[in-house]
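Here the structure is laid out as structure tokens; the discussion comes afterwards.
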Amino acid sequence: MTDMISTKVRFAPSPTGELHIGGARTALFNYLFAKHHNGKFFLRIEDTDRERSKDEFTDQICESLNWLGLHWDGEILFQSNRIKEYQSAIQTLLSGGNAYRCFCSKDLLEKSRAEGVYQYPRTCRNLNENEIRKHLNSGENYVIRIKIPEGQTSYNDIIYGHVTVNNSEIDDFIIARSDGSPTYNLVVVVDDHSMGITHVIRGEDHISNTSKQIQIYKALGFDIPVFAHLPMILGPDKKRLSKRHGAPGVQQFKNDGYLPDALLNYLVLLGWNPDSEQEIFILDEMIAKFDLAQVNKKGAVYDEKKLYWISGQHMQRLGNKNILDGILAINQSWGNGFNIQYQYTVIELLKVRAKSILEFIDQSVYFFNDPEEYDSKAVGKHWSNNSVNDFINTFINKMEAIENWNTEQIEKELRNVAEKYEIPAGRIIHPIRLALSGVPNGPSLFAMMELLGKETCIRRLNKALKLLPKS
RNA sequence: GGCUCGUUCGUCUAGGGGUUAGGACGCCGCCCUCUCAAGGCGGUAACACGAGUUCGAUUCUCGUACGAGCUACCA
């Protein structure tokens with residue numbers, strides 16, 4: 001390692017809503033970048049907007065981050081605890097001549113904006129001592145604005161490359177409100193500097209804030225970090241996915257039974273390409289291969305279908321223990337009364353055909369309870385008349401005689417019955433599956449029967465014989 | 001309005017002066033098969049437009065169009 005300064009990044013959400021996939025993706029990229037470089041990933045809560053910030057959202061964001069496995073280093077930094085630092089930075093700017101008091105009324109400025117004047121006309125920029133004192137003495141409210149110098153501001157974005165803006169395009173924006181509280185662009189710079197952030201990785205919506213922030217860095221004499229702006233995640237209409245726009249919260253994915261790694265896997269593919277044809281990653285693999293230089297500039301449309309597929313891929317690959325943990329996290333009573341070996345076998349049989357934990361739970365009910373009803377379409381197809389009952393009765397007799405209750409024996413006996421009646425085995429297999437599970441599809445019938453056990457199979461078959469066919 | 005950024009299959013993307021423009025999801029078909037999945041094989045489908053540079057442009061340049069973001073005493 002030639003890096004003398006270790007990498008430090010941060011994820012800085014404002015607690016005005018729950019964590020949604022856009023934020024999760026930003027957090028993920030920060031996390032991957034930090035871990036890839038053996039650096040630190042910090043969490044900062046941007047709660048300077050006292051009206052909209054809520055503690056419950058802070059809790060929810062932390063919970064979501066933890067569920068995803070994106071654990072932050074050190075203590076959470078709350079901006080609301082750092083007012084003194086901001087005040088002192090503002091004072092430095094003011095006394096250094098890099099900022100000034102502005103006494104213009106909000107109404108006036110809003111009016112001129114409505115008339116097409118979008119920039120602050122810098123009315124108060126060159127007020128002299130006497131004029132300032134006069135305003136102050138008459139008790140007028142004022143805000144503090146940064147004094148943007150002439151010239152150009154440019155920086156080299158890891159993802160977007162060189163971005164240059166004429167300073168004439170940068171407003172003398174407000175750094176302190178009339179109540180003295182600092183604004184976003186000021187606090188970000190003060191915090192990123194005091195936290196020692198080396199790389200600022202955030203959404204593309206901050207590109208135009210960056211040149212403003214660079215002005216503050218310069219005015220304060222701070223080193224400027226490296227910037228990397230991530231393309232937006234878009235809705236189907238190509239507009240930025242936002243809460244208003246139906247951006248799903250991370251919590252929602254948890255409730256829908258998605259595994260954290262699957263969500264992360266989907267998210268990492270939105271904008272980043274691994275420079276190979278690999279599509280399925282676990283977190284450690286993402287860390288090993290992640291590179292900001294491989295992130296593209298184009299916004300990516302959120303596509304639930306692909307997430308769904310990725311989720312299925314993860315289900316297949318995941319260890320049975322992990323799946324069990326995932327199930328229990330949603331439904332603690334799953335598998336109650338059945339031993340662990342039985343539970344693991346259920347998982348083994350089902351995991352290739354469930355795309356989410358929720359689906360998994362849904363598909364597994366008949367392993368623990370006798371079916372209460374039978375899929376009516378399947379009944380019509382496979383058990384529409386009494387001839388089926390004869391086959392089943394014959395098979396029940398054969399089953400009772402089986403001593404070694406295992407897949408092979410069961411299959412052998414069933415095929416014998418089919419042969420005896422000179423019918424395709426499917427004519428017996430389908431109705432039996434229906435009788436045992438209530439549904440027309442699932443894992444290999446014989447493997448299912450072995451697991452359910454002889455008693456249960458016979459009991460369920462007899463029950464079905466009483467109820468089917470429906471006339 | 002101004003500024004900044006972007007534009008390859010429906011979607012996620014690879015590629016890059018001469019390619020049958022590659023992969024993945026989805027969709028369709030076939031195989032496997034007791035069903036459903038999974039898996040295998042195949043198919044469908046894209047370089048926004050116009051100039052210029054060039055022997056040649058999807059790739060480079062410039063325009064145009066379209067889209068997005070920012071333009072708050074929100075973050």
Side-chain angles (χ1 to χ4, degrees), chain A residues 12-16 46-49 51-53 79 102 106 109-110 113 116-119 141-145 157 159-161 163-166 168-171 173-185 187-188 202-212 229 231-232 234 236-240 266 269-280 296-310 312-313 315-316 350-355 363 378 381-382 411 414-415 418 424-430 432-434 437 439-446 448:
Chain A
S14 62
T16 52
E46 309 220 320
D47 56 353
T48 50
D49 184 341
E51 279 180 25
R52 294 197 302 144
S53 296
Q79 292 190 322
C102 166
K106 203 172 170 179
L109 295 176
E110 268 168 14
R113 238 192 318 270
V117 180
Y118 289 87
Q119 268 195 350
N141 276 334
Y142 63 88
V143 297
I144 298 174
R145 292 179 180 273
D157 191 288
I159 293 162
Y160 283 88
V163 179
T164 303
V165 178
N166 277 322
S168 59
E169 301 297 336
I170 306 175
D171 212 357
F173 59 92
I174 293 171
I175 56 173
R177 303 184 184 97
S178 47
D179 65 359
S181 65
T183 60
Y184 170 73
N185 285 118
V187 299
V188 165
R202 74 230 304 193
E204 181 225 30
D205 49 335
H206 287 289
I207 282 188
S208 44
N209 280 327
T210 305
S211 47
K212 295 180 180 179
H229 289 94
M232 303 276 86
L234 280 16
D237 59 356
K238 308 268 185 182
K239 282 196 170 50
R240 192 232 289 217
Y266 176 69
L269 257 16
L270 249 32
W272 175 69
N273 88 281
D275 211 16
S276 75
E277 283 179 1
Q278 186 175 351
E279 301 263 355
I280 304 301
N296 62 274
K297 307 175 179 73
K298 194 183 142 195
V301 175
Y302 167 68
D303 175 21
E304 201 168 4
K305 292 245 179 67
K306 185 141 187 183
L307 200 214
Y308 189 62
W309 174 77
I310 286 175
Q313 293 293 312
M315 289 288 285
Q316 285 180 51
L350 250 29
K351 72 185 199 183
V352 73
R353 54 205 101 218
K355 295 279 210 300
Q363 291 177 19
K381 197 168 173 190
H382 301 301
E411 177 160 12
L414 185 140
R415 292 196 188 275
R427 280 209 55 197
I428 316 182
I429 289 174
H430 296 306
I432 292 179
R433 173 186 298 286
L434 191 57
S437 70
V439 293
N441 49 47
S444 155
L445 177 71
F446 309 112
M448 247 170 73

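In what follows, every chain begins at residue 1, and chains take the letters A, B, ... in the order their sequences are listed.
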_Base, sugar-phosphate or nothing for A/Tyr184? Non-hydrogen atoms, less than 4.0 Å._
base

*asked:* Looking only at the side chain of A/Ile207 (C-beta and beyond, no hydrogens), which of the listed nucleotides B/rG22, B/rU4, B/rA75 gets closest?
replied: B/rU4

*What is the nucleic acid contact for A/Gly203, judged by heavy atoms within less than 4.0 Å: base, sugar-phosphate only, or nothing?*
nothing

*Take the protein atom CG of A/Asp237 and the nucleotide atom C1' of B/rG10, then report the distance between them rounded to whole Å.*
15 Å

*Tell which nucleotide pairs with B/rU54, taking only Watson-Crick or G-U wobble pairs whose two distances are both under 3.5 angstrom.*
none

*Considering Watson-Crick and G-U wobble pairs with both distances under 3.5 Å, what does B/rG69 pair with?*
B/rC3

_Base-pairing mate for B/rU11 - Watson-Crick or G-U, with both contacts under 3.5 Å_ = B/rA24

_Distance check, C1' atoms only: B/rU33 and B/rG26, in whole angstrom units._
24 Å

*Yes or no on side chain to side chain contact (heavy atoms under 4.5 Å, CB included) for A/Tyr184 and A/Gln79, after CA distance, side-chain angles and deciding distance?*
CA-CA 10 Å; A/Tyr184 170 73; A/Gln79 292 190 322; over 6 Å; no

_Sugar-phosphate, base or nothing in reach of A/Asn166, heavy atoms under 4.0 Å_ = nothing

_Any base atoms under 4.0 Å from A/Lys305, or only sugar-phosphate, or nothing? Heavy atoms, all strands._
sugar-phosphate

*Searching all strands shown, indicate the nucleotide that pairs with B/rG29 (Watson-Crick or G-U wobble; both distances under 3.5 Å).*
B/rC41

*asked:* Rounding to an integer number of Å, can you tell me how far A/Leu269 CG sits from B/rG26 P?
replied: 14 Å

*asked:* Quick check for you: among B/rG39, B/rA75, B/rC34, whose closest atom lies nearest to any side-chain atom of A/Ser14?
replied: B/rA75

*List the atom of A/Asn141, the atom of A/Ser178, and the distance in Å for their closest heavy-atom pair.*
CB-CB, 4.3 Å

*Nucleotide opposite B/rC47 in a Watson-Crick or G-U pair, distances under 3.5 Å*: none

*Please determine, for B/rC34, whether a Watson-Crick or G-U wobble partner exists with both distances under 3.5 Å, and give it or none.*
none

*Side-chain donor/acceptor of A/Ser444 to base of B/rC34, under 3.5 Å*: yes

*Shortest non-hydrogen contact from A/His229 to A/Ile159?*
O-CD1, 3.2 Å

_Categorize A/Arg113 for me: base, sugar-phosphate, or nothing, with a 4.0 angstrom heavy-atom threshold over every strand shown._
sugar-phosphate

*Which nucleotide in the list B/rA75, B/rC70, B/rG69 gets nearest to the side chain of A/Glu46?*
B/rA75

*Proximity to the side chain of A/Ile429 - top-ranked nucleotide from B/rC34, B/rU13, B/rG26*: B/rC34

*asked:* Would A/Thr210 and A/Val163 count as a side chain to side chain contact (heavy atoms under 4.5 Å, CB included) here? Give the steps.
replied: CA-CA 10 Å; A/Thr210 305; A/Val163 179; over 6 Å; no

*For A/Val301, report the nucleic acid contact type (base, sugar-phosphate, nothing); a contact means any heavy atom under 4.0 Å.*
sugar-phosphate

_Counting only Watson-Crick pairs (N1-N3 plus N6-O4 or O6-N4) and G-U wobbles (N1-O2, O6-N3), all under 3.5 Å, who is the partner of B/rU19?_
none

*May I have the distance from A/Lys298 (atom NZ) to B/rC47 (atom C1'), rounded to whole angstrom?*
11 Å

*Of all the choices, B/rA38, B/rA14, B/rC12, which nucleotide is nearest to the side chain of A/Lys306 once you look at every atom?*
B/rC12

*With distance as the sole test, does A/Asp303 use its side chain to make a donor-acceptor pair with the main-chain N or O of A/Lys305 at under 3.5 Å?*
yes

*In whole angstrom, give the distance that lies between atom CD1 of A/Ile174 and atom P of B/rC73.*
4 Å

*Closest to the A/Lys238 side chain, choosing from B/rU11, B/rG69, B/rC3*: B/rU11

*Please work out which of the three classes, parallel, tilted or perpendicular, describes the rings of A/His430 and A/His382, given edges at 30° and 60°.*
parallel

*Touch check for A/Phe446, heavy atoms < 4.0 angstrom, all strands: base, sugar-phosphate only, or nothing?*
base

_Categorize A/Glu304 for me: base, sugar-phosphate, or nothing, with a 4.0 angstrom heavy-atom threshold over every strand shown._
nothing

*Whole-Å distance separating the CZ atom of A/Arg433 from the P atom of B/rA37*: 12 Å

_So A/Gly426, base contact, sugar-phosphate only, or nothing? Heavy-atom distance under 4.0 Å._
nothing

*Heavy atoms under 4.0 Å, any strand shown: does A/Pro236 hit a base, just sugar-phosphate, or nothing?*
nothing

*Which is true for A/Ser211 with a 4.0 Å heavy-atom rule: it touches a base, it touches only sugar-phosphate, or it touches nothing?*
nothing

*What nucleic acid atoms does A/Ala300 come within less than 4.0 Å of, heavy atoms only: base, sugar-phosphate, or nothing?*
sugar-phosphate

*Check the distance between B/rU35's P and A/His430's NE2 and give it to me in whole angstrom.*
6 Å

*Consider the side chain of A/Thr183, meaning its heavy atoms from C-beta on, and name the nucleotide among B/rA75, B/rA37, B/rU11 that approaches it most closely.*
B/rA75

*Could you give the OH-to-P distance, from A/Tyr266 to B/rG26, as a whole number of Å?*
12 Å

*Would you classify A/His206 as touching base, sugar-phosphate or nothing, given that sugar-phosphate means primed atoms plus P, OP1 and OP2, and contacts are heavy atoms under 4.0 Å?*
base

_Keeping A/Glu279 on the side-chain end and A/Leu269 on the backbone end, is there a donor-acceptor pair under 3.5 Å?_
no

*Do A/Ser181 and A/Asp179 have a side chain donor and acceptor closer than 3.5 Å?*
yes

*Considering only B/rA75, B/rC5, B/rC70, which nucleotide approaches the side chain of A/Tyr160 most closely?*
B/rC5

*Indicate, yes or no, whether a donor-acceptor pair under 3.5 Å links the base of B/rC73 to the side chain of A/Ser178.*
yes

*Could you state the atom-to-atom distance from CZ of A/Arg202 to P of B/rG69 in whole Å?*
17 Å

*Among B/rG2, B/rG39, B/rU35, which nucleotide sits nearest the side chain of A/Asn441?*
B/rU35

*asked:* According to a cutoff of under 5.5 Å between the ring centres and under 30° between the ring planes, does A/Tyr118 stack with the base of B/rG2?
replied: no

_Can you tell me which nucleotide in B/rA38, B/rC73, B/rA14 comes closest to the side chain of A/Asn273?_
B/rA14

